[in-house]
Visitor: 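One structure coming up, written as structure tokens, with questions to follow.
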Amino acid sequence: QVQLVESGGGLVQPGGSLRLSCAASGNIFRVNAMAWYRQAPGKERELVAGITIGGSTDYADSVKGRFALSSDNAENTVFSLQMNGLKPEDTALYYCNAVVAHRIATPARNYWGPGTQVTVSS
């Protein structure tokens, strides 16, 4: 099993910044990819940003140029999402998602964190 622990959410004023962190632990051979999703009340969960083991990134159009996703350690088990220029429409519950291989040449599995709340309001 793999555990994902998220941190860094909170309340921030419009235009402010937050840094979300996701740490993966447990039975990990390799984290193949990691992503942040968000879900606002009454809306579907959407992809915010993702990164592969090779370092390729993908961002939702709504956050391009404002958010940056990176790996924080050589083991690629800790990832951070730097969020700048936050807007009220960024308010949501943010979820960490990781695609994890437990052993070499075996299918990877998908894991989710419990979520961390981000609220952008004056």
Side-chain angles (χ1 to χ4, degrees):
Q1 283 292 340
V2 171
Q3 295 77 43
L4 300 181
V5 177
E6 302 138 332
S7 61
L11 173 65
V12 64
Q13 292 187 343
S17 298
L18 283 175
R19 187 176 181 89
L20 303 183
S21 182
C22 178
S25 63
N27 182 18
I28 299 173
F29 172 72
R30 183 178 62 206
V31 177
N32 290 344
M34 180 271 161
W36 284 95
Y37 286 75
R38 67 186 181 187
Q39 187 168 20
K43 295 188 176 181
E44 293 186 354
R45 189 173 296 190
E46 64 174 353
L47 175 67
V48 177
I51 187 169
T52 68
I53 188 175
S56 298
T57 55
D58 188 22
Y59 296 92
D61 288 342
S62 60
V63 306
K64 283 180 181 177
R66 299 189 297 124
F67 291 11
L69 180 57
S70 62
S71 174
D72 288 349
N73 65 345
E75 295 80 13
N76 287 317
T77 57
V78 181
F79 297 84
S80 291
L81 180 67
Q82 179 65 41
M83 305 187 296
N84 299 325
L86 284 162
K87 305 175 181 179
E89 50 264 42
D90 294 317
T91 295
L93 190 60
Y94 283 69
Y95 296 93
C96 174
N97 170 266
V99 180
V100 178
H102 296 291
R103 298 186 66 176
I104 193 169
T106 58
R109 295 183 62 183
N110 207 27
Y111 292 91
W112 291 90
T116 184
Q117 179 67 37
V118 172
T119 302
V120 185
S121 175
S122 56

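Each residue takes its place number in the sequence, starting with 1.
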Visitor: Determine the minimum heavy-atom distance between R66 and L86, stating which atoms define it.
Guide: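 Heavy atoms only, the tightest pair is NH1-CA, 3.9 Å.
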Visitor: Give, for atom CG of D72 and atom OG1 of T77, the distance between the pair rounded to the nearest 0.5 Å.
Guide: 9.5 Å
Visitor: How long is the gap from CZ on R38 to CZ on R45, to the nearest 0.5 Å?
Guide: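 Between atom CZ of R38 and atom CZ of R45 there are 13.0 Å.
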Visitor: Would the distance check show the side chain of N97 and the main-chain N or O of Y111 forming a donor-acceptor pair, the cut-off being under 3.5 Å?
Guide: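 Yes, the answer is positive, given that a donor and an acceptor are paired below the 3.5 Å cut-off.
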Visitor: My understanding is that only residues two or more places apart in sequence, or in another chain, count here; which of them pass side chain to side chain contact (heavy atoms under 4.5 Å, CB included) with S17?
Guide: Q82, N84
Visitor: Strictly below 4.0 Å, N to O, side chains only: are K64 and D61 in salt-bridge contact?
Guide: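 Salt bridge between K64 and D61, a charged N being under 4.0 Å from a carboxylate O: yes.
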Visitor: Any heavy-atom pair between the side chains of S121 and L11 that's under 4.5 Å?
Guide: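 Yes, their side chains come closer than 4.5 Å.
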Visitor: Is it the case that over 12 heavy atoms from other parts of the model lie below 6.0 angstrom from the CD atom of E89?
Guide: yes
Visitor: Looking at Q117 and A92, what are the two nearest heavy atoms and their distance?
Guide: NE2-O, 3.4 Å
Visitor: Please answer whether the main-chain N or O of V120 pairs with a side-chain N or O of T91 as donor and acceptor at a distance below 3.5 Å.
Guide: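 Side chain of T91 to backbone of V120, a donor-acceptor pair under 3.5 Å: yes, one is there.
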Visitor: Can you name the nearest heavy-atom pair linking G85 to D90, along with the distance?
Guide: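 Scanning both residues completely, I find the closest heavy atoms to be O-OD2, 4.4 Å.
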Visitor: State plainly whether one hydrophobic cluster holds both Y37 and L4, where clusters connect Ile, Leu, Val, Met, Phe, Trp and Tyr through side-chain heavy atoms under 4.5 angstrom apart.
Guide: no
Visitor: With sequence neighbours left out, which residue pairs that include part of residues 51-95 fulfil the ring pair (Phe, Tyr, Trp, His ring centres under 6.0 Å) condition?
Guide: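 Of all non-adjacent pairs touching residues 51-95, none passes ring pair (Phe, Tyr, Trp, His ring centres under 6.0 Å).
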Visitor: Checking the side chain of N73 only, and the main-chain atoms of V78 only, is there a donor and an acceptor separated by less than 3.5 Å?
Guide: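 Confirmed, N73 side chain pairs with V78 backbone.
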Visitor: Out of curiosity, Q1 CD to I28 CD1, how far, rounded to the nearest 0.5 Å?
Guide: 11.0 Å
Visitor: Answer yes or no: is there a side-chain heavy-atom contact under 4.5 Å between L69 and M34?
Guide: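 Answer yes - side chains close enough.
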Visitor: Which heavy atom of S122 sits nearest to which heavy atom of P14, and what is that distance?
Guide: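 It is N-CD, 3.7 Å.
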Visitor: Is it the case that one hydrophobic cluster holds both W112 and L47, taking links as side-chain heavy atoms less than 4.5 Å apart, direct or via other members?
Guide: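 Linked within one cluster.
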Visitor: Search all heavy atoms of A98 against all heavy atoms of V31 and return the closest pair with its distance.
Guide: CB-CG1, 4.4 Å
Visitor: On a heavy-atom basis, which atom in A101 and which in N32 lie closest, and how many Å separate them?
Guide: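 Minimum heavy-atom separation between A101 and N32: CB-ND2, 4.1 Å.
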Visitor: Please answer: with hydrophobic residues joined when any side-chain heavy atoms are less than 4.5 Å apart, are V12 and L81 in the same cluster?
Guide: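 Linked, V12 and L81 end up in one cluster.
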Visitor: Answer yes or no: is there a donor N or O on one side and an acceptor on the other, between the side chain of E6 and the main chain of G115, under 3.5 Å?
Guide: yes
